[in-house]
2 protein chains.
Amino acid sequence: MKKVTINSVAEYAGVSKKTVSRVLNNEPNVSPATREKVLKVFEELNYKPNPIARGLAQNRSFIIGCLYDNPSKSYITRVQSGALEACQKHSYNLLIHPCELRGQDLIDNVDQLLTTSRLDGIVLTPPFSDSNELIAFLKQRNIPYARVASAIEGDDSISIRSNDEQGAFELTEHLINLGHTEIAFIKGHPDHSATENRFSGYQKALAKHGIEYRERLVAEGNFSYHSGADSAKAILDLEPRPTAVFASNDYMAAAVLKLATQREIKVPEQLSIAGFDNAPIARHIWPGLTTIAQPVEEMTRIAVEELIKHISQPQEAPFQQVLEAKLITRESTKARSDS
Amino acid sequence: MKKVTINSVAEYAGVSKKTVSRVLNNEPNVSPATREKVLKVFEELNYKPNPIARGLAQNRSFIIGCLYDNPSKSYITRVQSGALEACQKHSYNLLIHPCELRGQDLIDNVDQLLTTSRLDGIVLTPPFSDSNELIAFLKQRNIPYARVASAIEGDDSISIRSNDEQGAFELTEHLINLGHTEIAFIKGHPDHSATENRFSGYQKALAKHGIEYRERLVAEGNFSYHSGADSAKAILDLEPRPTAVFASNDYMAAAVLKLATQREIKVPEQLSIAGFDNAPIARHIWPGLTTIAQPVEEMTRIAVEELIKHISQPQEAPFQQVLEAKLITRESTKARSDS
DNA sequence: ATACAGTCTGACACCGGTGTCATAATGTCG
DNA sequence: CGACATTATGACACCGGTGTCAGACTGTAT
């Protein structure tokens with residue numbers, strides 16, 4: 001199998017390299033006859049352009065980087081799957097790069113990444129999507145980026161998020177409608193903007209229904225299962241015990257369920273539990289978790305598609321979009337028993 | 001920030017491009033003085049070689065591809081994390097490429113991947129690590145590859161696996177030592193070689209302890225939670241009901257636990273359940289699952305390291321290694337109650 | 001026929017490195 | 001001290017594409 005390069009194609013078709021390149025890139029000013037002829041040779045020789053050479057000439061790599069630092073593996077998996085879909089569609093590749101937001105050398109780390117990989121663009125997933133420091137750095141380096149699930153509004157970049165506040169509001173209202181008034185809340189990681197939004201949705205729903213907000217019902221988590229276990233302990237020790245718990249993600253909700261089951265507190269009869277995200281675990285446990293389905297894959301897919309669009313032809317208009325979240329009811333929530 | 005290329009370094013240092021290149025690649029035949037001088041200029045100008053140009057000249061991309069088709073997200077996450085560690089250490093990048101083993105166009109798909117990305121090597125994760133068709137194709141195309149968790153022995157490629165049979169044997173023996181004799185087994189996906197190995201470990205342990213193997217206790221799964229749920233149904237409907245279930249991975253074990261809990265069968269008092277892999281879910285549910293810890297990250301890390309080593313200097317000797325699996329005891333298994 | 005704009009095409013340099021080979025400088029040995 | 005091997009260095013082509021620009025070839029208006 002001999003290598004087929006642009007030179008062999010040009011020679012075979014009896015035209016210049018440049019003309020072949022024009023056909024390759026759909027450039028104008030090629031006569032239909034010539035174009036046809038070259039395309040035929042592509043077929044005949046089964047020619048595929050070398051992306052590396054192309055990259056060198058255009059100073060592009062056709063690679064998108066995905067930055068993450070997230071305790072939820074399933075979240076990352078979903079992010080990747082959305083990003084991959086967009087990449088494959090546009091013949092880009094996806095390079096994954098986990099690193100720590102709080103690492104002292106975050107900027108150095110990303111700098112290193114950029115110089116060793118020449119990424120064409122970067123998708124920032126939470127908590128990076130809200131890191132002003134990182135964003136400033138990328139701007140300075142002139143690297144295109146897109147932000148997923150970020151709270152920063154009105155800047156001039158690509159940003160897709162889902163409506164966390166609305167989701168949390170609906171979920172809280174669902175619990176209230178079931179008769180619950182003592183609803184504990186477990187916060188997420190303070191570095192994630194979703195944390196504040198979900199908390200705010202919870203508070204607003206309480207307010208709307210005239211239920212007093214009580215700080216003692218709120219525990220600090222960080223989205224990890226482990227933090228959920230700690231919060232669960234604090235909450236289940238409360239006297240009187242709340243009749244419902246709303247955890248800011250499904251992993252923490254699962255931790256609450258585990259502890260409740262260990263203590264032989266019946267869920268949902270004695271305690272309703274709800275999560276957020278609709279992670280796989282929400283339906284892998286019994287009772288299944290009532291939760292909010294967040295379109296993580298779709299958010300990321302759109303973010304990457306817009307990013308690629310932006311790379312090929314930088315426009316002025318920033319692309320911003322908010323997707324809706326949706327309530328999923330399962331067995332873990334039930335009307336409060338009045339006993 | 002002006003671009004620093006090999007030309008500017010050469011000019012600044014007062015040597016030729018080629019000499020700079022020599023220093024860059026640690027080639028011999030550079031006088032210590034010159035080397036020193038050039039290295040100093042590297043520092044001074046903060047020079048980083050452009051990997052794309054380097055790739056073009058050497059026909060390399062410094063990218064490793066990772067192929068997967070696996071229903072277990074946590075498995076994939078762990079694979080990635082091991083692969084990333086090795087890649088970062090050697091300044092390679094990791095490109096992830098999910099695709100379907102049973103897809104008609106698997107070969108086309110991989111062919112496409114190779115021509116659009118010029119991968120330097122590929123890590124095959126199950127079930128690809130056992131696909132003779134794919135391996136033949138990679139050989140023909142002369143693409144280096146490493147196989148993770150494959151059963152194929154004695155071929156001349158890099159292969160790392162863990163001792164599935166031994167793990168399953170130990171786990172089964174653990175159940176037998178707890179007094180169980182009616183031990184149901186849920187098989188994994190037939191395309192994965194681990195499936196056969198785990199099954200064989202189960203059978204050998206039964207044989208060693210003089211327990212008759214009964215086919216009716218065996219259900220066919222495919223590693224997905226869903227298949228575990230189906231198998232769980234079949235097993236829990238058996239009369240008399242087995243006193244223990246050994247599922248070939250933790251997701252399927254979790255499905256058994258869910259159904260048992262739904263049916264108010266007490267675990268582990270009335271039913272012991274064990275899984276395999278030590279996936280996160282094993283400790284996120286109650287009772288925690290007794291399982292076998294497989295060093296997935298380590299296997300993949302070693303596989304990628306050997307692959308990279310092989311790429312830079314192809315040796316003759318195939319690298320093959322088998323890592324041990326380890327029993328983790330949690331709450332889901334208990335001595336059989338004689339009631 | 002002449003001028004001029006618009007379309008098509010190819011020669012050539014260039015992206016930023018590496019490989020080959022010739023040559024200069026140095027060292028070794030009889 | 002000359003002959004020869006070894007080490008150090010650079011000139012130059014090359015990897016496989018793209019960008020620039022000049023020139024040839026159309027068509028249309030004068």
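Heavy-atom basis, side chains included; hydrogens, waters and symmetry copies ignored.
- Relative ring orientation between A:H192 and A:F223 is described as perpendicular, the plane-to-plane angle rising above 60° on a 0-90° scale split at 30° and 60°.
- Checking the phosphate oxygens (OP1, OP2) of C:dG10, a side-chain nitrogen or oxygen of A:T19 falls inside 4.0 Å.
- Comparing atom distances between the A:K17 side chain and each of C:dG17, C:dT9, C:dA13 picks out C:dA13 as nearest.
- Each of A:L56 and A:G14 was matched to the nucleotide of DNA chain C holding its nearest heavy atom; the match closer to the 5' end belongs to A:G14.
- Taking only side-chain nitrogens and oxygens, B:N29 comes nearer than 4.0 Å to OP1 or OP2 of D:dA8.
- Look at A:S21 and you'll find a side-chain N or O under 4.0 angstrom from OP1 or OP2 of D:dT18.
- Between B:R141 and B:D111, the closest side-chain pair of non-hydrogen atoms falls below 4.5 Å.
- Between the C1' atom of D:dC15 and the CD1 atom of A:I52 lies a distance of 10 Å, rounded to the nearest Å.
- Residue A:S31 places none of its side-chain N or O atoms closer than 4.0 Å to OP1 or OP2 of C:dT7.
- There is a side-chain donor-acceptor pair under 3.5 Å between B:N109 and B:H97.
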message = Pair A:V4, A:V9 - check side-chain contact (heavy atoms from CB on, under 4.5 Å), show working.
response = CA-CA 7 Å; A:V4 182; A:V9 172; 4.0 Å; yes
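- One finds a side-chain N or O of B:S16 lying less than 4.0 angstrom from the OP1 or OP2 phosphate oxygen of D:dG10.
- Rounded to whole angstrom, the span from the CG atom of A:L45 across to the P atom of D:dG16 amounts to 15 Å.
- Among A:Q320, A:E306, A:R147, A:K139, the one residue that satisfies the side-chain hydrogen bond (donor to acceptor under 3.5 Å, both in side chains) test with A:S157 is A:R147.
- Between A:Y47 and D:dG17 there is a side-chain polar atom (N or O) within less than 4.0 angstrom of OP1 or OP2.
- Rounding to whole angstrom units, CG of residue B:N25 and C1' of D:dA8 are separated by 17 Å.
- Regarding A:F62, its CZ atom lies at a distance of 14 Å from the C1' atom of C:dC15, rounded to whole Å.
- Residue contacts shown for A:N7 are absent, as no nucleic acid heavy atom lies under 4.0 Å away.
- OP1 or OP2 of D:dT9 sits under 4.0 Å from a side-chain N or O of B:T34.
- Between the base of C:dG10 and the side chain of A:R22 there is a donor-acceptor pair shorter than 3.5 Å.
- Side-chain contact between A:Y92 and A:I311: present, with at least one pair of heavy atoms (C-beta onward) separated by less than 4.5 Å.
- Residues B:L307 and B:H90 are not in side-chain contact: their nearest non-hydrogen atoms beyond the backbone lie 4.5 Å or more apart.
- Between A:F128 and A:C99, some side-chain heavy-atom pair lies under the 4.5 Å cut-off.
- Of the candidate nucleotides D:dG17, C:dT18, D:dT18, D:dG17 has the atom nearest to the side chain of A:T5.
- Taking five base pairs at each end of the helix from C:dA1-D:dT30 to C:dG30-D:dC1, the local helix axes there meet at an angle of 50°, rounded to 10°.
- Residue A:Q58 contributes atom CD, which lies 10 Å from atom C1' of D:dG19 at whole-angstrom precision.
- Residue B:K18 contributes atom NZ, which lies 20 Å from atom P of C:dA24 at whole-angstrom precision.
- Among the atoms of the strands shown, none is found under 4.0 Å from any heavy atom of B:V20.
- Nucleic acid contact class of B:N59 (heavy atoms, under 4.0 Å, all strands): none.
- At a threshold of 4.5 Å between non-hydrogen side-chain atoms, the residues A:Y12 and A:E44 count as touching.
- OP1 or OP2 of D:dG16 lies within a sub-4.0 Å distance of a side-chain N or O belonging to A:K3.
- Separating the CZ atom of A:R60 from the C1' atom of C:dC15 is a distance of 14 Å, rounded to the nearest angstrom.
- Judged by closest nucleotide on DNA chain D, B:V30 is the one of B:V30 and A:A53 placed further toward the 5' end.
- Regarding A:I6, its CD1 atom lies at a distance of 6 Å from the C1' atom of D:dG17, rounded to whole Å.
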